[in-house]
Each structure stands twice: as C-alpha cells, then as structure tokens.
Amino acid sequence: MVHAYILIQTEVGKAAAVAAEISGIPGVTTAEDVTGPYDVIVRADADTVDQLGQLVVARIQNVEGITRTLTCPVVHL
C-alpha cells in the first residue's frame with residue numbers, strides 16, 4: 001500500500017469546491033482546504049506507485065479549479 005499527501009494550489013476562491021469534489025474520488029481518504037502556499041491538502045492511498053500516479057494524473061488533476069499539484073509519497077525510514 002502506498003500513501004501520499006497531495007498538495008494542491010487552486011484558482012482564487014476555488015479551494016472549498018476543489019476539496020469537496022476531490023473528497024468523493026475513490027482512493028482519497030481526506031481532502032481539506034488550508035491556508036498557506038497550498039490551498040488544499042489531500043491524503044490518498046493506492047496499491048502501487050503506478051496506481052497512485054494514475055489517481056493523481058487521471059482523476060485529481062482533472063478537477064476544475066486546480067492550477068498545480070505536488071505529490072509527496074509517505075516513506076518509512
């Protein structure tokens with residue numbers, strides 16, 4: 001199982017709508033709008049790194065209002 005945090009920048013005024021839409025995508029465990037350099041932070045789970053990539057590119061990045069994403073896979077050191 002691969003876990004990741006996805007940091008999202010949105011168009012002005014779109015953070016709440018983006019978080020609400022993303023929270024309904026399978027594989028997303030949480031999606032919260034936040035303050036700071038990013039507007040939404042998402043926690044996502046996938047079986048493999050490839051499936052995580054597909055989730056981000058095919059599903060999350062297609063949500064209207066997103067301008068940029070940064071995917072941060074969780075590592076266990």
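These numbers were taken from a predicted model, which means no experiment stands behind them. We use all heavy atoms of the structure for the numbers below, so side chains are in, but hydrogens, waters and symmetry mates are not.
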Could you give the side-chain donor-acceptor pairs of residues 68-77 under 3.5 Å, partners two or more places apart or in another chain?
| unit_1 | atom_1 | unit_2 | atom_2 | d |
| --- | --- | --- | --- | --- |
| T69 | OG1 | Q61 | NE2 | 2.8 |

Between I6 and V28, is the side chain to side chain contact (heavy atoms under 4.5 Å, CB included) condition met? List the steps. CA-CA 10 Å; I6 303 155; V28 171; over 6 Å; no

Write down the atom of [X], the atom of [Y], and the distance for their closest heavy-atom approach.
{"X": "T67", "Y": "T10", "value": "OG1-N, 3.8 Å"}
{"X": "E64", "Y": "V18", "value": "O-CG2, 3.6 Å"}
{"X": "L55", "Y": "A44", "value": "CD2-CB, 3.7 Å"}
{"X": "A19", "Y": "V40", "value": "CB-CG1, 4.1 Å"}

Show, in sequence, the C-alpha distance, side-chain angles and deciding distance for I8 and V42, and conclude whether the side chain to side chain contact (heavy atoms under 4.5 Å, CB included) test is met. CA-CA 8 Å; I8 299 172; V42 172; 3.7 Å; yes

Heavy-atom side-chain proximity of [X] to [Y] below 4.5 angstrom:
{"X": "I60", "Y": "I25", "result": "yes"}
{"X": "E32", "Y": "I41", "result": "no"}
{"X": "Q9", "Y": "I66", "result": "no"}

I'd like to know if the side chain of E21 and the backbone of A17 have a donor-acceptor N/O pair within less than 3.5 Å. no

Rounded to the nearest 0.5 angstrom, the CE-CG distance for M1 and L52 is 11.0 Å

